[in-house]
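For reference, positions follow the sequence shown, starting with 1.
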Amino acid sequence: MSSAEENPFGNAISSDDIIDTLSFFDGWEDRYKYIIDLGKELPAMDESKRSEVNLVKGCQSQVWIEHIQVDNRFWFEVDSDAFIVKGLLGVILAAYNGKTAVDIAAFDIEQYFDQLGLMRHLSPTRGNGLRAMVEKIRAFAA
């Protein structure tokens, strides 16, 4: 089993789990702390994988996404130089990690972000970066 497959996001932590947990918090300061904590649960990405090929274009921070495919399921290794972005990567992986191409294409990421209230609370550049991360994952699965 690869480190990507051992990632808790998409396995032990689902998109529904994140929606449920964020709904417990009253304010966005606590929600941001929770999202940052999610990023701390991401497995470390090997330095060699932080390459130009894996770099996501359109992000304010540096973001790397690599994928492997095992038995028609996509597994992702991710990293960023920003704590909040690592947390946002966890939010995305909860929806996409370990899923098939059909599952990835069918998942309504905009509705998921709406349920979380994310786009209303991110800067426009951070929101564009979040969409760039999603597009890179969808491109892998296409």
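- At most 12 non-hydrogen atoms from other residues, nucleotides or ligands lie less than 6.0 angstrom from CZ of Phe83.
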(request) Please step through salt bridge (Lys or Arg N to Asp or Glu O under 4.0 Å) for the pair Lys86 and Glu41, ending with a clear verdict. (result) CA-CA 9 Å; Lys86 284 179 88 161; Glu41 295 187 47; over 6 Å; no
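- Rounding to the nearest 0.5 angstrom, the gap separating the CD1 atom in Ile65 from the CG atom in Leu55 is 9.5 Å.
- Atom CG of residue Leu118 and atom CD of residue Glu110 lie 10.5 Å apart, to the nearest 0.5 angstrom.
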(message) One pair to check against side-chain hydrogen bond (donor to acceptor under 3.5 Å, both in side chains): Thr125 and Asn128. What are the steps and the verdict?
(response) CA-CA 5 Å; Thr125 52; Asn128 289 341; over 6 Å; no
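- Atom CZ of Phe74 sits about 5.5 Å away from atom CD1 of Ile104, to the nearest 0.5 Å.
- The environment of Asn72 atom CG is sparse: at most 12 non-hydrogen atoms of other residues, nucleotides or ligands sit within 6.0 angstrom.
- Taking the six-membered ring where tryptophan is involved, the planes of Phe25 and Tyr34 are tilted, since the angle between them lies from 30° to 60°.
- Between Glu77 and Arg50, no side-chain nitrogen of the basic residue sits less than 4.0 Å from a carboxylate oxygen of the acidic one, so the salt-bridge criterion is not met.
- Leu130 CG to Phe113 CZ: the interatomic distance, rounded to the nearest 0.5 Å, is 3.5 Å.
- For Asp20, the CG atom sits in a packed shell: over 12 heavy atoms of surrounding residues, nucleotides or ligands are nearer than 6.0 Å.
- Considering all non-hydrogen atoms of both residues, Gly90 and Phe9 come closest at O-CD2, 3.1 Å.
- Relative orientation of the His121 and Trp28 rings is parallel, given thresholds of 30° and 60° on the angle between their planes.
- In this structure, CD1 in Ile18 is found 12.0 Å from OG in Ser23, a value given to the nearest 0.5 Å.
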(request) Please step through side chain to side chain contact (heavy atoms under 4.5 Å, CB included) for the pair Ser15 and Phe107, ending with a clear verdict. (result) CA-CA 10 Å; Ser15 56; Phe107 188 82; 3.9 Å; yes
(request) Start with the C-alpha gap between Tyr96 and Val134, add the side-chain angles, then the distance that decides, and say whether side chain to side chain contact (heavy atoms under 4.5 Å, CB included) holds. (result) CA-CA 9 Å; Tyr96 289 141; Val134 167; 3.6 Å; yes
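- Separating the CD1 atom in Ile92 from the OH atom in Tyr112 is a distance of 8.5 Å, to the nearest 0.5 Å.
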(request) For side chain to side chain contact (heavy atoms under 4.5 Å, CB included), just list the numbers for Met45 and Glu66, CA-CA rounded to whole Å, side-chain angles, deciding distance to a tenth of an Å, and then say yes or no. (result) CA-CA 9 Å; Met45 178 183 249; Glu66 186 188 59; 4.1 Å; yes
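- Scored by the side-chain hydrogen bond (donor to acceptor under 3.5 Å, both in side chains) test, Lys99 finds no partners at all (sequence neighbours excluded).
- Salt bridge annotation for Lys33-Glu29: present, with a cationic side-chain nitrogen under 4.0 angstrom from a carboxylate oxygen.
- A side-chain contact (heavy atoms from CB on, under 4.5 Å) with Leu89 is found for one member of Leu42, Asp79, Val56 and no other, namely Leu42.
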(message) Apply salt bridge (Lys or Arg N to Asp or Glu O under 4.0 Å) to residues Lys57 and Glu135 and explain how you reach the verdict.
(response) CA-CA 10 Å; Lys57 309 288 186 250; Glu135 288 311 310; over 6 Å; no
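- By the 4.0 Å N-to-carboxylate-O rule, Asp37 lies close enough to Lys40 to be salt-bridged with it.
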(message) side chain to side chain contact (heavy atoms under 4.5 Å, CB included), that's the test. Do Trp64 and Val78 meet it? Break it down for me.
(response) CA-CA 5 Å; Trp64 299 272; Val78 299; over 6 Å; no
(request) Begin from the C-alpha positions of Asp46 and Ser48 and carry the test side-chain hydrogen bond (donor to acceptor under 3.5 Å, both in side chains) through to its verdict. (result) CA-CA 5 Å; Asp46 189 86; Ser48 66; 2.5 Å; yes
